[in-house]
Novice: 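Quick one: structure below, then a few questions.
Note that the structure is predicted; figures quoted are calculated from it, not measured.
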Amino acid sequence: MNILEIKNLTLKKDNRILLDNINIEIWAGYVHAIVGPNGAGKSTLANTIMGLSGYRDFSGDILYEGRSIKNLSIDERARLGITLVFQEPARFEGLPVDDFILAGVKDKKTNLIDEALLKVGLDPIKYRQRSVDKTLSGGERKRIELASIYAMKPKLVFLDEPDSGVDIDSVKYIFEIIKEFKKNGTTVILVTHSQEVLKQSDHGFLLCAGKLICKGEVNKLFEYFTGKCAPCNHVGKPDKE
Amino acid sequence: MEKDKILNELLNSIGMHKMGPDIAHVEIHGNEVLGAHLVEGLFVESESFKDGVNIKIRVKKDTKIKNPVRFCFGLIPENGIQKLNINTVIEENASASFIANCTFPNAKNIQHLMNATITIEKGAELKYFERHIHGPEGGVTIVPVTKVIVKENARYSTEFELIKGAAGVIELDYKAEVEKDSTVDMKARIFGRLKDKIHIKEAAHLLGQGSVGVLTSHIALKDDADATVENEIIADAPFARGHVDCKEIVQGRAKARAVPVVQVNDPRAHVTHEAAIGSVDTKQLETLLTRGLTEDEAIEMIIAGLLK
Ligand SMILES: Nc1ncnc2c1ncn2[C@@H]1O[C@H](COP(=O)(O)OP(=O)(O)O)[C@@H](O)[C@H]1O
Ligand SMILES: [Mg+2]
C-alpha cells in the first residue's frame, strides 16, 4: 500500500527548475531513501511534501493515504501523521527538553520522555533538566529531535541528512532509532547524500539536478549511486551528463 | 481586622500563604506596613508618609541569610499611588537573596514609584528578584529607579519579571557601578500586550579591574504594545568584561526598539552585544508546526521559552 504518492511534481524558483516532474510512490512501513549529490533537490522535495514556507508553489499533486494534501498547512499535515526533522534542528532558548519531546504527543505521559530519551541513548536524569538551546552539541540536539519523533509516533517521517553534524557515537543511536521507527510502523524517508545512511534503507530514489534518475531496492540503488554518481561529481544539469 | 483582610488579599494575589519562622518577610500595602518578620542579621526600618513608605534594609556584616527574604508590595484597590524609597546595604561579606512580589490585581489607575539605592559592600552578595503581577488591563504605571554600587569582590544580580497581566506603563531605570573584581547581572523579562508602553534602561559602569557586567532583556510584544530597550555598558578598567543581550519577539502591531551602547575606555576591556528583534523565528515555528501544534500554540511555546 502506498502511504504517499507524488504526481508530476514540478517546482520552480526564480525561473530555475528545482524539481522536474517527479513521480514517486512510497510504500507504507518501509525505510526509504532519497539520495543524490549535494544540490540535487532532495531537501527541496522533502520540504515541499511537508508544506514548508517557500515550497508551496508547485504544479502536480501530493497524495497522502489517497487524498491530496497540497492545500493543507504544515500543522494540518502533521496532524495527519507527517513530520520532518531538519538537517540543522532549530535551537530554542529556554524551551525545556521535556516540553519539546512532548510537543507532538497527544497523551502527555511523562514516562514517555524517559523512554524516548533512553531510545536515543541519552540519560533522562541529565537531559530532562536542560533546554533545547545552543548549549547542546549537534549530536545531542539531533538525538533529542529523534526522541521527540519517537514520542510523537508519526505515520511518515522525513529525516533530512540524519547523520550530519553528528559525532560517531551519536550516529550509532540514530541508526538504531531508524530501525525502531520502522518496528513501530512508521514509514521513514531518509534524505541523504551519504552511502552509510543509504545502507539503512530498504528502498530508495536517486535524484540529480531535480530529476528522478533511478529507483529501486537498496542494493541496486547503492550500486548505481556509488558506481555512477559518486565518480561523476557533477553539479547541475543531467542533460549534459 | 480590616488590615488582616487586606494582607490576605495581597498574599492571595501572589499565591503565597503562611511562612515558617525561618523565613523573613515584609508586606506593604499602599503606605502601610501590614506585616513584618525578621531573622537574625536582617534589619528593616520603615517610616510611612502620605503616599508611601521610606524603608531601610540592612544585612549585617558576615551574615548569610539562608532563605530568601520575601517582600510583598502592592495595592488592592483600583486606584492609588504607592511610593517606596528603599535604601539597602549589604554589609561586608554578608549575603542575602530578596524576592519582591509587586501586585496590583485590580489596577485601573495606579502609580507604583520605587526609588532604590543599594550598596553591596566588599565581598557581599545580593540576589534580587522582582515579580510583577498586574490585572488583565494594565492600568499601572511603574517607575522603578535603582542605583547600585557593587564594591570590590561583591556580586549583585537582579531580575525583573512581568509576565502575568498587562504591563501598563513601565519606566525601568537601573544603574550599577561595578568596582574591582565584582559582578553585576541584570535581567528583565517582560510580556507586553494591549497598549503597554515599556521603557527599559539598564546601565552598568565597569569601573574596576576585572569587573563583569551582563545585561539581558527578553521581551515579547503583541497587540499595540511598544517597547524600547536601552542597555549600556561602559568599561573603564583593564580586564573588565561585559555583555548585552537583547531579544524581542514582536507580533501584531507591536513595535520594538533596541539601543545597545557599548563603550570601552581601556584596550584590555572587552564588551560584546547581541540583539535580535523580529517576529518568531521561522525555523523554530516550523519545527513545532511539524509536530502538529497550531501556529498560536507554537508561538506561545517559543515565547514561554524566551521569557523563562
Ligand atoms: N527556498 C529556495 N529558494 C531558492 N532556491 C532554493 C531553495 N531551496 C533550495 N534551493 C535550491 O535548490 C537546489 C537544491 O537544493 P536542496 O534541495 O537543498 O539540495 P539537496 O538537499 O539535494 O542538497 C539548490 O540549487 C538550492 O540552492
Ligand atoms: Mg539537503
Novice: Do other residues, nucleotides or ligands put more than 12 heavy atoms under 6.0 Å from the CG atom of A/D57?
Specialist: no
Novice: Check whether A/L80 gets within reach of chain B through its side chain, its backbone, both or neither, counting any heavy atom under 4.5 Å.
Specialist: neither
Novice: Relative to chain B, which segment of A/P154 carries a heavy atom at a distance below 4.5 Å: side chain, backbone, both, or neither?
Specialist: neither
Novice: Could you tell me which residues satisfy side chain to side chain donor-acceptor pair (under 3.5 Å) with A/K7, sequence neighbours excluded, listed by chain and number?
Specialist: A/E5
Novice: Just give me the residue among A/P96, A/A103, A/P89 that pairs up with chain B most often, heavy atom to heavy atom, under 4.5 Å.
Specialist: A/A103
Novice: Counting heavy atoms not belonging to A/Y30, are there more than 12 under 6.0 Å from its OH?
Specialist: no
Novice: To the nearest 0.5 Å, what is the distance between CG (B/L293) and CD1 (A/I74)?
Specialist: 12.0 Å
Novice: Between chain A and chain B, are any donor-acceptor pairs under 3.5 Å, and how far apart is each one to 0.1 Å?
Specialist:
unit_1: A/S53; atom_1: N; unit_2: B/E286; atom_2: OE2; d: 2.9
unit_1: A/S53; atom_1: OG; unit_2: B/E286; atom_2: OE2; d: 2.9
unit_1: A/R79; atom_1: NH1; unit_2: B/G292; atom_2: O; d: 2.9
unit_1: A/T83; atom_1: OG1; unit_2: B/T290; atom_2: O; d: 2.6
unit_1: A/E88; atom_1: O; unit_2: B/K283; atom_2: NZ; d: 2.5
unit_1: A/R91; atom_1: O; unit_2: B/Q284; atom_2: NE2; d: 2.7
unit_1: A/E93; atom_1: OE1; unit_2: B/K247; atom_2: NZ; d: 3.0
unit_1: A/E145; atom_1: OE2; unit_2: B/R291; atom_2: NH2; d: 2.3
unit_1: A/S148; atom_1: OG; unit_2: B/R291; atom_2: NE; d: 3.2
unit_1: A/S148; atom_1: OG; unit_2: B/R291; atom_2: NH2; d: 3.2

Novice: Can you name the nearest heavy-atom pair linking A/A78 to B/G292, along with the distance?
Specialist: CB-N, 3.4 Å
Novice: Quick check on A/F86 against chain B: is it the side chain, the backbone, both or neither that has a heavy atom closer than 4.5 Å?
Specialist: side chain
